[in-house]
K.L.:
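What follows is a single structure, and I will ask about it in a moment.
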Amino acid sequence: MSTRLALVVLAVVLVSGCAKPPALERGLMLYEQGRYRRALATFDEAVREQPSAAAYANRGTTRIRLGDTAGGIADFTSALQLAPNDSEILFNRGNARLVAGDPKGAIADFTRAAELRPTFALAVFNRGIARHRSGDALGARADWNEAIKLAKNPEVRAAMERRAEALGREAGAPALGPGAPAAGPDAPAADSGAGRELARRALDRELAGDHTGALADLKSALALETDPGRRAALQDLLRMWEDAR
């Protein structure tokens, strides 16, 4: 089972009798329903039942959803003590450290996640955001260019380019350096309709670390999209996000 809550595709199996699902599974169901406080209490129970990396990581994700960033970081740290080479937990803690105003800690987490999974484009991109926030404009630009090259999905690349350019404008300088790949014909058009606007927002949310919100937007975009080619691309992206990054 993936330790990152937002990536778990939960299959609810109906069984006869009054068997009670384990606390971890109940917590996942409550989280997917948006019942975050109930989910938190259930993940507390899961940690007491069996203090696994999955239990800590999912409780950490829930705490952050409820605004307890420090508690989320503490839980991700506990999860990493049990699963030190889990790139998803490192990525999540890096995002939480960014929110907490600790870009140096975030850089360390994103770097380790990328070392463990060299194709982890989002970890490299978010390391660029952490470097940008720490004042390292050159390092940020290098990371963004590298992440865009690593990203295989054209819509993910387009979202990265938009985000990098926006961050560069905030700093008063171009975010992407010479030789950076430009958005190709597969990039969403500005007037591509409500479904494509949702797809763009989904990608932006994913880059910002809001995986749950990204999935919700992507599913809505898929429901609205009528072009067969774009539907296939969105379905591929949805499967990728739901299975594992």
Side-chain angles (χ1 to χ4, degrees), residues 1-9 53-54 56-58 60-61 64 72-73 75-77 79-100 102-134 136 138-164 167 175-177 180-181 183 202-215 217-218 233-234 236-245:
M1 179 178 289
S2 170
T3 53
R4 184 171 183 226
L5 183 149
L7 289 178
V8 173
V9 180
Y56 279 117
N58 284 296
T61 301
I64 288 172
I73 292 171
D75 272 344
F76 291 142
T77 300
L80 286 166
Q81 290 172 353
L82 298 170
N85 294 326
D86 191 304
S87 59
E88 293 292 344
I89 300 175
L90 284 160
F91 179 75
N92 282 346
R93 191 175 69 174
N95 286 330
R97 284 177 162 174
L98 268 179
V99 172
D102 178 16
K104 290 185 179 180
I107 289 169
D109 282 344
F110 293 137
T111 297
R112 181 58 180 154
E115 289 172 350
L116 290 166
R117 195 194 315 173
T119 59
F120 201 164
L122 285 174
V124 176
F125 189 90
N126 284 11
R127 184 176 65 186
I129 294 176
R131 284 178 166 162
H132 171 76
R133 293 186 183 176
S134 66
D136 181 6
L138 290 177
R141 186 183 302 120
D143 275 345
W144 293 333
N145 286 339
E146 180 184 350
I148 290 166
K149 291 176 183 177
L150 286 172
K152 295 180 179 180
N153 186 287
E155 295 199 2
V156 172
R157 287 199 301 272
M160 286 181 173
E161 288 164 359
R162 288 195 307 274
R163 180 75 168 137
L167 289 167
L176 302 178
L203 291 162
D204 290 337
R205 281 183 163 182
E206 180 71 4
L207 293 178
D210 180 10
H211 188 78
T212 302
L215 280 177
D217 277 349
L218 192 59
L234 290 175
D236 287 343
L237 187 59
L238 182 60
R239 280 193 293 269
M240 179 180 69
W241 286 357
E242 287 182 329
D243 293 342
R245 263 195 304 240

K.L.:
Main chain of A164, side chain of W144: is a donor-acceptor contact present, judged purely on distance under 3.5 Å?
P.N.:
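Such a contact is absent between W144 side chain and A164 backbone.
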K.L.:
State plainly whether the residues E146 and K149 are in salt-bridge range, i.e. N to O under 4.0 Å.
P.N.:
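K149 and E146: not salt-bridged.
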K.L.:
Look up atom CD in Q81 and atom CD1 in I89, then write down how far apart they are to the nearest 0.5 Å.
P.N.:
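If we round to the nearest 0.5 Å, Q81:CD and I89:CD1 are 11.0 Å apart.
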K.L.:
If you define the side chain from C-beta out and look only at heavy atoms, does anything of T119 sit under 4.5 Å from K152?
P.N.:
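With C-beta onward as the side chain, the pair stays apart.
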K.L.:
Under a 3.5 Å distance rule, please check whether R127 uses its side chain to pair with a backbone N or O of D143 as donor and acceptor.
P.N.:
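Answer holds: no.
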K.L.:
Say you draw a straight line from CD of E115 to CG of N85; how long is it, rounded to the nearest 0.5 Å?
P.N.:
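It comes to 10.5 Å.
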K.L.:
Nearest 0.5 Å please: distance from the CZ atom of R112 over to the CG atom of L80.
P.N.:
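Nearest 0.5 Å value for the CZ-CG distance: 10.5 Å.
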K.L.:
Once rounded to the nearest 0.5 Å, what's the spacing between atom CZ of R157 and atom CD1 of I148?
P.N.:
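Rounded to the nearest 0.5 Å, the CZ-CD1 separation comes out at 9.5 Å.
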K.L.:
At what distance, to the nearest 0.5 angstrom, does CD of E88 lie from CG of L116?
P.N.:
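Interatomic distance, E88 CD to L116 CG, rounded to 0.5 Å: 11.0 Å.
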K.L.:
Would you name the heavy atoms of P118 and L150 that are closest together and state the gap between them?
P.N.:
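Heavy atoms only, the tightest pair is O-CD1, 3.7 Å.
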K.L.:
Apply side chain to side chain contact (heavy atoms under 4.5 Å, CB included) to the pair K104 and D102, showing each step before the final yes or no.
P.N.:
CA-CA 6 Å; K104 290 185 179 180; D102 178 16; 4.2 Å; yes
K.L.:
Check for a donor-acceptor pair, side chain of R97 on one end and backbone N or O of G105 on the other, with a separation under 3.5 Å.
P.N.:
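A pair under 3.5 Å: yes.
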K.L.:
So which atom in A113 and which in A123 form the shortest heavy-atom distance, rounded to 0.1 Å?
P.N.:
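It is CB-CB, 4.1 Å.
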K.L.:
If you apply the rule ring-ring contact (aromatic ring centres under 6.0 Å, His included), what do you find for F110 with F91, and how did you get there?
P.N.:
CA-CA 6 Å; F110 293 137; F91 179 75; 5.8 Å; yes
K.L.:
What pair of heavy atoms forms the shortest contact from A147 to A121, and how long is it?
P.N.:
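Where A147 meets A121 most closely, the heavy atoms are CB-O, 3.4 Å.
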K.L.:
Roughly how far, to the nearest 0.5 Å, is the OG atom of S87 from the CG atom of N92?
P.N.:
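One gets 10.0 Å once the value is rounded to the nearest 0.5 Å.
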K.L.:
When you measure from the side chain of N126 to the backbone N and O of I129, does any donor-acceptor pair fall under 3.5 Å?
P.N.:
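No.
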K.L.:
With side chains defined as the heavy atoms from C-beta onward, is the minimum distance between T77 and I73 less than 4.5 Å?
P.N.:
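Heavy-atom side-chain distance check passes, below 4.5 Å.
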K.L.:
Would you name the heavy atoms of L98 and A106 that are closest together and state the gap between them?
P.N.:
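The pair with the smallest heavy-atom distance is CG-CB, 3.9 Å.
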K.L.:
Let me see the working for I64 and F76 under side chain to side chain contact (heavy atoms under 4.5 Å, CB included), right down to the final yes or no.
P.N.:
CA-CA 11 Å; I64 288 172; F76 291 142; 3.4 Å; yes
K.L.:
List the atom of A83, the atom of A53, and the distance in Å for their closest heavy-atom pair.
P.N.:
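Of all heavy-atom pairs spanning A83 and A53, the closest is CB-CB, 3.8 Å.
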K.L.:
What pair of heavy atoms forms the shortest contact from L90 to P84, and how long is it?
P.N.:
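Closest pair (atom of L90, atom of P84, distance): CD1-O, 4.2 Å.
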K.L.:
Please check this pair: side chain of D136 against backbone of H132, looking for a donor-acceptor N/O pair closer than 3.5 Å.
P.N.:
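Not at all, since once roles are kept as given, no pair shorter than 3.5 Å links the two residues.
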